[in-house]
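A short write-up of the structure that comes next.
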Amino acid sequence: MNQKLKKERVTKIGWAALIGFVATTFPFMVTAAEYEIMIENHRFVPSQIEVTAGEKHRLIVHNNDASSEEFESYALNREKIIVGHSKAVIFLPLLEPGSYPFFGEFNEDTAQGRIVVK
Amino acid sequence: MISTLIIVFREVLEAMLVIGIAMAASKEIHTNLRWIYGGVFGGLIVAAIVALFADMIATSMSGMGQEFFNATVLISASLLMAWTAVWMRKHGKEISDRIHHTCQEVTGSRAAKVMLSVVVGLAVAREGSEVVLFLHGVVATGESETAGIFAGALTGLLLGMLIAIGLYRSIIHIPVRHLFSVVTFLIALLAAGMASQGVAYLVMVDALPALGQTIWNTSNIIPEHGVLGQVLQALMGYDDRPSGMQVLTFVAVLSIIWLAIRIQGRASLNSANTAAAMMICMVVSMVPADAYAKKVYSPIVEEGELELEYFLDYSFDSDPAKDGSSRHQFEFEYGVTDRWLTGVYGDFRKRPGQGFAYQGLKWENIYQLFEQGEHWLDTGLYLEYIVPKSSLNKPDVIEFKLLLEKESGKVVNTANLVLKKELGVNATKNTSSGYAWRSKWRWMPEVEAALELYGSIGELGNTSPLTQQSHQAGPVLLGKLKGGIGYEIGYLFGLTSSSDEGMFKMILSYEF
């Protein structure tokens with residue numbers, strides 16, 4: 001086919017791909033269950049949270065301390081800085097049953113916790 | 001037969017010494033011997049793989065590749081041992097005091113176990129590979145009787161093990177209160193010896209200045225090729241006619257370790273690691289170097305992250321114009337917000353037969369689009385602007401990459417789709433495209449294994465035939481060690497006739 005039709009076809013495919021990509025990603029935002037954790041005096045409260053396996057969950061971490069903290073977990077593959085007196089959303093990956101520890105990197109001795117997946 | 005005996009004896013002794021010292025060290029920090037055995041086993045597997053590919057490896061290493069490979073392995077092992085010595089000195093007492101504690105293991109002690117395991121694995125792999133390649137070479141020349149060779153090898157093996165076991169037994173009979181210091185001292189000696197041996201290889205191929213060919217000659221007192229000489233060589237890299245650079249390196253490594261141990265505390269550990277990392281960079285950067293940065297970029301940005309990185313790509317090829325060329329990049333990057341990372345690179349190349357040449361500057365930016373895990377694919381945009389050195393008369397380049405990442409349990413897959421455009425007067429090519437891919441298994445923070453692929457497809461709308469495209473793939477080992485040091489080390493095999501037949505890649509990073 002000639003150059004003009006070829007270009008039109010590429011453009012149509014491009015749009016279809018973009019719409020497809022957006023359509024498949026947005027539904028995931030809606031089904032997440034929320035869990036809240038506070039950071040108080042360099043500790044996570046609660047320090048243990050139970051969630052169900054195979055579902056998309058998210059954590060909302062409220063930092064009630066004045067200093068910032070870094071929520072870190074190798075098992076969860078997440079690292080996020082939460083500035084003092086603010087909050088952050090951490091989208092958890094789909095998890096198999098087990099125990100996933102996390103810690104606050106700036107106050108490792110006291111800021112410890114874990115997510116237990118059942 | 002005697003030469004085979006001596007060489008196998010020395011290799012076995014070196015490996016057994018590392019294993020013996022690691023075992024004594026693991027006793028001190030009350031760790032399971034399982035980790036040491038794991039390292040030995042892993043090392044033996046690598047040596048077996050080398051045996052299978054002996055022919056191919058021997059030819060690809062012809063020329064100077066062998067020396068650079070040896071030097072890199074030796075210096076990496078030296079770095080690891082140096083770190084182990086300093087870490088152990090700092091934490092050993094803490095851990096033996098906590099022996100009654102029944103709670104979870106100290107994360108730090110796990111790092112030490114891994115470290116000992118990796119050091120042992122590397123030692124066994126290296127010694128095993130050397131023995132394999134040496135035996136392969138001797139048998140291939142057909143000079144000596146095969147019976148004599150194997151008799152020599154077996155005797156060397158037994159003799160090496162005997163002496164190593166003897167040394168180990170005498171080590172563990174030292175009173176406990178001194179044992180720790182003795183073990184640390186031995187590890188430090190080993191590290192200094194390995195570093196100076198590695199440096200010797202680099203001096204041999206003119207990658208480093210000798211600083212005096214023969215500082216002293218003790219060949220009539222303790223000949224290098226005698227039994228005692230070989231023991232000392234295994235223990236601390238003894239050379240009866242060392243060059244100035246070897247002596248300097250030996251003293252430097254020993255001093256850095258001693259200093260780091262003296263100034264206890266977190267800051268000192270970092271500075272020891274930094275010093276060691278810089279030493280590696282300094283040594284390796286003088287190694288004689290072309291190619292795109294072999295790094296697969298993740299779309300995830302960490303706010304406030306301040307990092308220094310060193311990239312090395314070293315090519316092997318039967319084409320002498322490509323063989324031995326290398327690319328070195330130094331980068332400084334900063335996570336400005338939790339979405340935007342920016343960095344600056346300095347690019348250097350070394351082509352065979354030429355010197356180390358500055359190529360230009362690069363400014364890179366990564367923008368993370370969504371929160372990690374928010375959507376099915378983590379996505380980011382990468383934009384880079386390259387300003388070449390003006391005397392090269394090369395065009396400015398703008399490079400765009402779509403960064404995609406997906407975690408699935410312990411496996412993370414990352415894809416980079418690349419578009420490159422030359423700008424300005426010197427531009428010759430149209431927009432060209434390429435890709436990079438990595439499948440990574442997240443075993444533990446210090447050690448992760450991955451398979452990486454890289455390719456350039458050519459100009460859009462005018463793609464080159466497959467044989468003219470460059471495609472490479474290979475295994476990579478990566479991780480982040482305590483103290484902020486990160487590493488990536490791998491070997492990429494060329495998949496098409498235009499690709500470099502082999503490419504060694506290494507990335508070292510230090511996070512402040």
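Residue numbering restarts at 1 for every chain, and letters A, B, ... go by the order of the sequence lines.
For K87(A), the NZ atom sits in a loose shell: 12 or fewer heavy atoms of surrounding residues, nucleotides or ligands are nearer than 6.0 Å. Few gaps surround NZ on K406(B); more than 12 heavy atoms of other groups in view lie less than 6.0 Å from it. Remark: W340(B) CH2 is loosely packed, at most 12 non-hydrogen atoms of other residues, nucleotides or ligands lying under 6.0 Å away.
When side chains are defined from C-beta on, V412(B) counts as touching N77(A), because their heavy atoms get closer than 4.5 Å. The shortest side-chain heavy-atom distance between E407(B) and R78(A) falls under the 4.5 Å cut-off.
Between the side chain of K80(A) and the main chain of E302(B), no donor-acceptor pair closer than 3.5 Å is present. Between the R442(B) side chain and the Y74(A) main chain, a donor and an acceptor come within less than 3.5 Å of each other.
Using a 4.5 Å cut-off between heavy atoms, E305(B) does not touch chain A at all.
Comment: K410(B) does not engage E96(A) in a salt bridge, judged by the lack of any side-chain N to carboxylate O separation of less than 4.0 angstrom.
The distance from the CZ atom of F91(A) to the CD atom of E374(B) is 4.0 Å, given to the nearest 0.5 Å.
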